[in-house]
Amino acid sequence: MTRDLRWPAFVLLAATAFALPFIGDSYIVQLATRMLIFGMAALGIDFFLAYVGQLSLGHTIFLASGAYLTALLTMAGLESALLVWPIVLLGVALLALAAGMLALRTGGLYFIMITLAFTQMLFFFLQSQRGLGGDEGFSVPQRNTLPLLDLSDPRNLYLLVLVLLLGVIGLIAWIRATPFGAAIEACRDNAQRLSAMGLDPYGYRLSGFVFSAVIVGLAGILYTNNTLYLTPALSGWYLSGELLMMVILGGSGSLLGPVLGAALFVLLQEQLSHITPHWMAGLGALLVARVMLMKDGFWNVLARRLGGDDSHS
Amino acid sequence: MKLLVAIGLALALTVSAQAADPLKLGFVTTLSGATGAVGNEAQRGFDIALQQLGGQIGGRDISVVLVDDKGSAAEAVEIATRLVERDKVDLVMGLANSAVLMAGSKRLLASGKIVVGAYAGPSPFAGAGCHPNAFFTNFQNDQWAEGMGAYLNAKGVKRLALMALDYQAGWDHLAGIKRTFKGEIVSEVLTPFTQLDFAAEFAQLRPKKPDALFVFYVGGPAVSFVKQFTQAGLNTQIPLYSLDALTDPLTLPALGASGLGIVSTATWNPELDNPANKRFVAAFKAKYGRVPASYAQAHYDAVMLLDGAIRQRGGDISDTDAFRQALREARFDSVRGPFAFNNNHMPIQNVYVQQVVAGADGKPYVKLIGIAAEKASDSYHQDCPLK
Amino acid sequence: MTIALLVEQLINGLQQGLMLFLMAAGVTLVFGIMRLINLAHGSMFMLAAYVAVAVFAATDSYLLAFIVALAGISVLAMLLELAIFRPLYARGHLDQLLASFGLVLVFNEIAVMVWGREPLYLSIPPLLSGQVEILPGVPYPVYRLAVSALAIAAGLGLWLILSRTRLGMQMRGGAERREVMEAMGVNIRAIATMVFGIGACLAGVAGLMTAPIMPVQSGMGDPILILTLVVMIIGGVGSLRGALIAALIVGVVDTFGRILLPQLIGLNAGSALSNMVIYVLMAVVLVIRPTGLVRSAT
């Protein structure tokens, strides 16, 4: 009946996002940078949730390890992003491979809990590191450097994060269109059939796990560059829970849902805390209401209104 | 004559402009989350101070920008940016949480703001990392424990057992007591924040028969620790020494009679006999119906320090060098008694000894029993390049 | 370590395990029957303790505090089942986790609004204070022994309900062959409501027992909830027997990890590792047996 308005909506959002550093002050820019970074992490978690069909409480391992590795390399004197970031992503991928090989032996609730165990272990490990300030964390002296772009300006960092986020969104969209992506989704829907076709669902699940971990790891790299201060709270079940909240607020299984969910979550947390110290009750009630009253996240509901019948397409 | 009138007019205009333009004070504290009780108490002390000063600080009208840091270092950087760029505050105080302080102060100090940390005094800021614009009004984190070490030496304790929470503050306090205690450490145990059952640790401790046990616990774990220590009957066998936080007025009601007898060190006690303290404690009691905890006292004192320094500058803090010098001189009557800033902007002050005893009404209270260290300075100041 | 000390530590570990079992029983029963994962179980633990403190402060009666807290918490859980959880049975784990996580946040904040942020206190009944010598030279708090006895009694009560009553039979049937039970005309929904009530009552018992030895404060249910989930998973989801075995293992491993690891590998590394030890245990169990120690009927 009407035209598909999702593309225009996406273009409008992206244009607003690009215009933001030129209209907002640096507080807004920093807040927005955090939104985008958490949005990227939520997107990574949702890739695994929506397309591989497994809920992980452990992806904060990759957020924390990406962030900590970046900080440690930077403090060891490696400053160039072109050098540091690939090393960190490789490290995160190897860690994800090891964690995934163990965790994917299980499934369902057991998978949720084994990933929770991993992230709790990392939390306690980081918290015991006296050289890194224990639970109080430590300050990172400087951001990574890039040729041509001065990241010490928060506006430039924001724009870089935005471009990388759009790149990740594009990459996920592209992967889903390939036979590899189709096979990953097939293990979610019907693992037996995949096995019957001679394909190994375990291998596809593992690849999906590693890929999603690398996205979250990239978010970790950017997190360090943004805040220049790290604490062990970056790992552990609580932040995992918050990232999942972001996913379901916006809506799982769509490319924009987790990102907009993250933006909404950060904004609410920020604004509610100005109104009342009991902001957590508001956040909790919102979460219950979202699950009880809406069948899907707000972006997915909106996207359907805007024209597509199926936000998963 | 005309000239005099003009000067008079100009002066009057300056004064009125100044009066019309309130001083903007950023007050960062933890009002929600697991350590929200700390920030609530801090705010009570802050409010009492402002109330006594008639809503002004140093004779200037004041506009307070209150920010809840949620105890989250992740948000501290944004909070700092907001205070500097959006709220355009003149100076910032509070920052009781060490992690928030360390994460947020970099941005604040980089913008040239004066930062007054009203509670935590982390060691990175005390030594080589001290900063001309950063002031810490309450203590250097190790100060209470160092005082306790000296007190235990004086008490003739030879064999000491240690227990503490397994995090930065716990490590700092254990390091502090080991620095000054001269006897033997017979055992050392660290427990995580989430652990609230100490039966296993007590079973290990009992056969070691130490002369005394020194612990650092705060909040929930403090309550668990003391109650279980008494339930296990250890309170009659091993004298328990700690720091003010174990038995402060926020936890003491939850300890009931099990807290009786505990000796701790502090840099302030409600019973201290000086006019400033009497005034503060009376006002707090009148408003909240109990004695204040050290968080309230620390923030009260921090406001009073600012009041003294701003008053000294005639209400004008635009000359940062002069204002910094006024702060360094610290001309105010601290409720703690003698107070001066060291070269690293950490306090030189007495460390007091206190004990939980039953009051006339039968309710336990923390009685001042002596001085552990007089006009003590911290052990990092010699590394600070500031003069 | 002397034999006496070893025995004392074993008792400490088993006692911690019994407490965890009371918590885990409710979660695992609900999951076994309704396939629902409920994080708000930790809030029942907390609220029972708060209500007990409030009732005791008002009436000075332990018995009344005990009864009101347990009855109140059971009714609350049943109301939650009707209003919130029932529509979630058909949803995925994610929706269940997050809705119940939302409830945890709400309950924690309600506790702050009603009772404040400072920890509250419930004293030990005078009859149960003091110590007895359980072994020569090993005094042990009477209260802890009483708590263990109560936990065992509650566990036995649960076992009696499950094995000897019609309701119990239907509950077990619901867990194993839900369709058959429904075909036989058993009202599974009503049973689910009852199971929520019973589970919350057990969590309430755990909360009450804890109130005199630990601070009653907002969020006190959160760490215990995580441990509860670990126990449920190690035992095998839905299996009560598994939960009991896992709870005792976790209690003992945690206790001995805490005291032995710092002695074996040094204070810092040992303390750090002892914080992780139950998670390592869970990960190892799951790598070897991906569905927990005891396979439940489903």
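Order of the sequence lines sets the chain letters (A, B, ...), proteins ahead of strands, with each chain counted from 1. Given the structure is predicted, the values throughout are model-derived calculations rather than measurements.
- Within the 4.5 Å cutoff, the side chain of B:Ile185 has heavy atoms near those of the B:Leu162 side chain.
- Using cut-offs of 30° and 60° on the angle between ring planes, the pair B:His345 and B:Phe135 is parallel.
- Interface remark: A:Val29 contributes no atoms to any contact with chain B (heavy atom separation under 4.5 Å).
- Within the 4.5 Å cutoff, the side chain of B:Pro292 has heavy atoms near those of the B:Glu41 side chain.
- Residue contact with chain B, scored on non-hydrogen atoms closer than 4.5 Å, involves the backbone and the side chain of A:Ser26 alike.
- Distance check, rounded to the nearest 0.5 Å: OG of B:Ser105 to CG of B:Asn133 gives 11.5 Å.
- Taking the six-membered ring where the residue is Trp, the centroids of B:Tyr217 and B:Phe198 are separated by under 6.0 Å.
- In this structure, B:His173 and B:Trp144 have parallel ring planes: the angle between them is below the 30° cut-off, well short of the 60° mark.
- Of the candidates B:Gln143, B:Gln140, B:Arg179, B:Ser379 forms a side chain to side chain donor-acceptor pair (under 3.5 Å) with just one, namely B:Arg179.
- Both the backbone and the side chain of B:Ala74 come within less than 4.5 Å of a heavy atom in chain A.
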Would you please test B:Ile177 and B:Glu146 for side chain to side chain contact (heavy atoms under 4.5 Å, CB included) and show each step? CA-CA 5 Å; B:Ile177 197 153; B:Glu146 288 173 355; over 6 Å; no
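- With a threshold of 4.5 angstrom between heavy atoms, A:Thr276 does not approach chain B through any atom at all.
- Using bins of under 30°, 30° to 60° and over 60° for the plane-to-plane angle, the ring pair B:Phe125/B:Phe136 lands in the tilted bin.
- Within the 4.5 Å cutoff, side-chain heavy atoms of B:Met93 are placed close to those of B:Val303.
- Relative orientation of the B:Tyr295 and B:Tyr119 rings is tilted, given thresholds of 30° and 60° on the angle between their planes.
- Contacts of A:Tyr27 with chain B are made by both backbone and side-chain atoms, with heavy-atom separations under 4.5 Å.
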Check the pair A:Thr145 / A:Glu79 against side-chain hydrogen bond (donor to acceptor under 3.5 Å, both in side chains), numbers first and verdict last. CA-CA 6 Å; A:Thr145 54; A:Glu79 285 154 18; 5.1 Å; no
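- Looking only at heavy-atom pairs under 4.5 Å with chain A, the residue among B:Glu75, B:Gln168, B:Glu78 that has the most is B:Glu78.
- Proximity to chain B (any heavy atom under 4.5 Å) is shown, for A:Phe138, by neither the backbone nor the side chain.
- Note: A:Phe62 and A:His59 have perpendicular aromatic rings, judged against thresholds of 30 and 60 degrees for the angle between ring planes.
- Residues of residues 106-113 of chain B lying within less than 4.5 angstrom of chain A, judged on heavy atoms, are B:Lys106 in numerical order.
- By a heavy-atom distance cut of under 4.5 Å, B:Asp68, B:Lys70 are the residues of residues 63-72 of chain B near chain A, going up by number.
- Heavy atoms closer than 4.5 Å to chain B are found in the side chain of A:His274, but not in its backbone.
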